[in-house]
S.K.: 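Please find one structure pasted underneath; my questions will follow.
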Amino acid sequence: MGRKSVAVLDIRSTELAVIIGERGVNNTFALKASATESYSGYNEHEFYDAKGLADAIYSAVSAVEQMCGERIRELYIGVPGVFCKVEPKEQSISFPKKRKIGQKEIDSLFASGNEMQEDYRFIRATSMIFITSDSRRVIDPTGLYSDLLSGYLSYFYCSRYFADLMEEIFNETKIVLRFLPAQYAMASYLIPSETRDEYAIFLDVGFLSSTLLILLGNGVLIQNTEMVGRLQIAVRLAEKFDLPYDAAVALVSKANLYVKPSSGNMEFIHQGVSYEIDANELAETVKDGLDELCEKIGGLLEECSGRNLECKPVYVTGEGLYEIRGALEHVGKRLSRVCEQLAPDLPYYNKPSMSSPIALIDMACEDHRKVGILYRILYGFGGY
């Protein structure tokens, strides 16, 4: 396994995956090993079953280590939106005289706004826009001369509950943990930088929760997570058609929101059991569940009014709407916006459900590259 490889832990609503991969040629990725495990999920504050989560993580880590024949020594963990918050800040630093702006000055600007928080741990800072003393607004000020550097910055924090739990799970290992904001990783990977130079709206719809981001430049102005997703649709179906929970979950993807009112019944077979389902009632019930999502997201977008977002499309990814025919169009109508589905532009991985793991590998590879030789000199030559 080469030193360019990274290991990531992708924690979604009810599944987690450990993946080892690296960047290939032409912006592709080579996934060397992966293992996926189910677990019980989380609510707004905590995981439902911390021990079950730990067991699932141990199983996935063990599986990929066996596939590769080597131990993982550094693991990048994607922090789900419910355990991650973003604080936008405007920061400024001045210099005695004009100087050439480099990484040292940029790092000082970021450090000036990084504050300790009781219930959260700082994990990352990014920039929306930089401003120099001559009022130039730039995405990257490197190489410019100025006696003042200002910036609209985004500070990402992981809940201490999440970070402490991960460290407790890996306490008896020698694995170094690094935390990545999962939804930001997806948004910055899937949405081109030129699109993000002006405001961009990103929506990750999962199984238990959905996260909305308002992006600007390389930063995030707003991030908000709501506990609504594919699960709520499945619950409605279980109640409507008197189905077992697992059957209702499977039925979600069978819905066709383009169905005509006179379509009649359809046969749905799950685990050898046949069900007669009214196709029109199925579509209407799914729409009701999507409307719950739209109500939450629409409320968040209304809070952002005045930022020239009215004509912006909503870029959607995640497993929540995937495979529901007509879901994207229905959400677009309810939000009065164009909705565009995003997925990795990669062979074999071009599904919305793959957005999270691929984006985390991309961000982990970039962080791993930046740390490079300096980290190895300071902390030793571990890794793969």
S.K.: Are V6 and M67 linked, directly or through other ILVMFWY residues, by side chains that come within less than 4.5 angstrom of each other?
M.R.: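 Looking at the clustering, M67 is in a separate group from V6.
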S.K.: Please report the closest heavy-atom contact between Y157 and Y120, naming both atoms and the distance.
M.R.: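 In this case the closest contact between Y157 and Y120 is CB-CB, 3.7 Å.
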S.K.: Salt bridge or not between K85 and E87? Use side-chain N to carboxylate O under 4.0 Å.
M.R.: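 Yes, K85 and E87 are salt-bridged.
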S.K.: Look only at the side chain of R337 and the backbone of L309, and say whether a donor-acceptor pair between them is shorter than 3.5 Å.
M.R.: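 Yes.
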S.K.: Quick one: does S62's side chain have a donor or acceptor within less than 3.5 Å of a partner on Y58's backbone?
M.R.: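 It does not hold such a pair.
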S.K.: Any ion pair linking R136 and D134 (charged N to carboxylate O, less than 4.0 Å)?
M.R.: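 Judged by the 4.0 Å cut-off on N to carboxylate O distance, D134 and R136 do form a salt bridge.
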S.K.: If we count only N and O atoms by modelled type, under 3.5 Å, do the side chains of T36 and E15 hold a donor and an acceptor together?
M.R.: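 Not at all, the side chains of T36 and E15 share no donor-acceptor pair under 3.5 Å.
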S.K.: Under a 3.5 Å distance rule, please check whether E284 uses its side chain to pair with a backbone N or O of E281 as donor and acceptor.
M.R.: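 No: the side chain of E284 does not pair with the backbone of E281.
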S.K.: Of all the heavy-atom pairs spanning S13 and S209, show the shortest one and how long it is.
M.R.: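 Closest heavy-atom pair between S13 and S209: OG-N, 3.7 Å.
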S.K.: Quick one: are I57 and M166 in side-chain contact, heavy atoms under 4.5 Å?
M.R.: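 Yes, side chains in contact.
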S.K.: Using a strict threshold of under 4.0 Å (side-chain N to carboxylate O), is an ion pair present between R121 and E167?
M.R.: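 Judged by the 4.0 Å cut-off on N to carboxylate O distance, E167 and R121 do form a salt bridge.
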S.K.: So, the side chain of Q183 versus the backbone of G81: is there a donor-acceptor pair under 3.5 Å, distance only?
M.R.: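 Yes; at least one donor-acceptor contact below 3.5 Å.
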S.K.: Kindly assign one of parallel, tilted or perpendicular to the pair F207 and Y245, based on the angle between their ring planes and the thresholds 30° and 60°.
M.R.: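 F207 and Y245: perpendicular rings.
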S.K.: Can you tell me if S210 and E226 form a side-chain donor-acceptor pair at under 3.5 Å?
M.R.: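 Result is no, nothing qualifies.
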S.K.: Using the rule given for salt bridge (charged side-chain N to carboxylate O under 4.0 Å, His left out), can you reason through E65 versus R71, listing the C-alpha separation, both sets of side-chain angles and the distance that settles it, and then say yes or no?
M.R.: CA-CA 6 Å; E65 287 182 336; R71 299 292 298 273; 3.4 Å; yes
S.K.: Can you find a heavy atom in the side chain of D119 that is under 4.5 Å from one in the side chain of S159?
M.R.: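 Contact flag for D119/S159 side chains = no.
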S.K.: Is it true that T317 and D204 share a donor-acceptor pair across their side chains at a distance under 3.5 Å?
M.R.: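 Not at all, the side chains of D204 and T317 share no donor-acceptor pair under 3.5 Å.
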S.K.: Tell me whether the count of non-hydrogen atoms from other residues, nucleotides or ligands lying under 6.0 Å of CD in Q103 goes above 12.
M.R.: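 Check passes, neighbour count above 12.
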S.K.: Any carboxylate oxygen within less than 4.0 angstrom of a Lys/Arg side-chain nitrogen, looking at R369 and E366?
M.R.: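 Here R369 pairs with E366 in a salt bridge, since their nearest N and O are under 4.0 Å apart.
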S.K.: Are side-chain heavy atoms of S127 and S154 found at a separation under 4.5 Å?
M.R.: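 Of all side-chain heavy-atom pairs linking S154 with S127, none is under 4.5 Å.
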S.K.: Heavy atoms only: give me the nearest S59-E37 pair and the separation to one decimal.
M.R.: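 Looking at all heavy atoms of both residues, the shortest contact is OG-OE2, 2.9 Å.
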S.K.: Side chains of Y155 and E115 only: does a donor on one sit below 3.5 Å from an acceptor on the other?
M.R.: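 Short answer, no.
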S.K.: Taking atom types as modelled, find out whether S133 and S146 have a side-chain donor-acceptor pair closer than 3.5 angstrom.
M.R.: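 Their side chains do contain a donor-acceptor pair, which is all the 3.5 Å distance test asks for.
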S.K.: Would you name the heavy atoms of I93 and L148 that are closest together and state the gap between them?
M.R.: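 What the structure gives for the nearest pair is O-CD1, 3.2 Å.
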S.K.: Do you know which two heavy atoms are closest between L360 and L180, and how far apart they sit?
M.R.: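 Closest pair (atom of L360, atom of L180, distance): O-CD1, 3.9 Å.
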S.K.: What heavy-atom pair brings A60 and A35 nearest, and what distance separates the two atoms?
M.R.: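 Looks like O-CB, 3.7 Å.
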S.K.: Are the side chains of I123 and P181 in contact, using a 4.5 Å heavy-atom criterion?
M.R.: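 SC-SC contact between P181 and I123 confirmed.
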S.K.: Which value, rounded to the nearest 0.5 Å, describes the distance between L251 atom CG and K240 atom NZ?
M.R.: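 So the CG of L251 and the NZ of K240 are separated by 12.5 Å.
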S.K.: Is any NZ, NE, NH1 or NH2 atom of the basic residue among E292 and R236 found under 4.0 Å from an Asp or Glu carboxylate oxygen of the other?
M.R.: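 A salt bridge links E292 with R236.
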S.K.: Looking at side-chain heavy atoms only, is the closest gap between L215 and L221 below 4.5 Å?
M.R.: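 Side chain of L215 against side chain of L221, heavy atoms only: no contact under 4.5 Å found.
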S.K.: Distance from L149 atom CG to T132 atom OG1, nearest 0.5 Å?
M.R.: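 The CG atom of L149 sits 8.0 Å away from the OG1 atom of T132.
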S.K.: Testing F179, F202, F156, Y189 for ring pair (Phe, Tyr, Trp, His ring centres under 6.0 Å) with Y184, which one passes?
M.R.: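 Exactly one pass, corresponding to F156.
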S.K.: Answer whether the closest heavy-atom distance between the side chains of L190 and D345 falls below 4.5 Å.
M.R.: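 A side-chain contact is absent here, since even the closest heavy-atom pair is not under 4.5 Å.
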S.K.: So that I can tick it off, tell me whether R99 and E105 are bridged by a salt bridge, with the cut-off set at under 4.0 angstrom between side-chain N and carboxylate O.
M.R.: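 Salt bridge flag = yes for R99 with E105.
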S.K.: Can a salt bridge be assigned to the pair K287 and D291 using a cut-off of 4.0 Å between side-chain N and carboxylate O?
M.R.: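 D291 and K287: not salt-bridged.
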S.K.: Quick one: does H368's side chain get under 4.5 Å of E74's, heavy atoms only?
M.R.: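 Yes, their side chains come closer than 4.5 Å.
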S.K.: Does some side-chain heavy atom of L282 sit less than 4.5 Å from a side-chain heavy atom of M266?
M.R.: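 Contact flag for M266/L282 side chains = yes.
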S.K.: Do F83 and Y42 have their ring centres less than 6.0 Å from each other?
M.R.: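 Centroid separation for F83 and Y42: below 6.0 Å.
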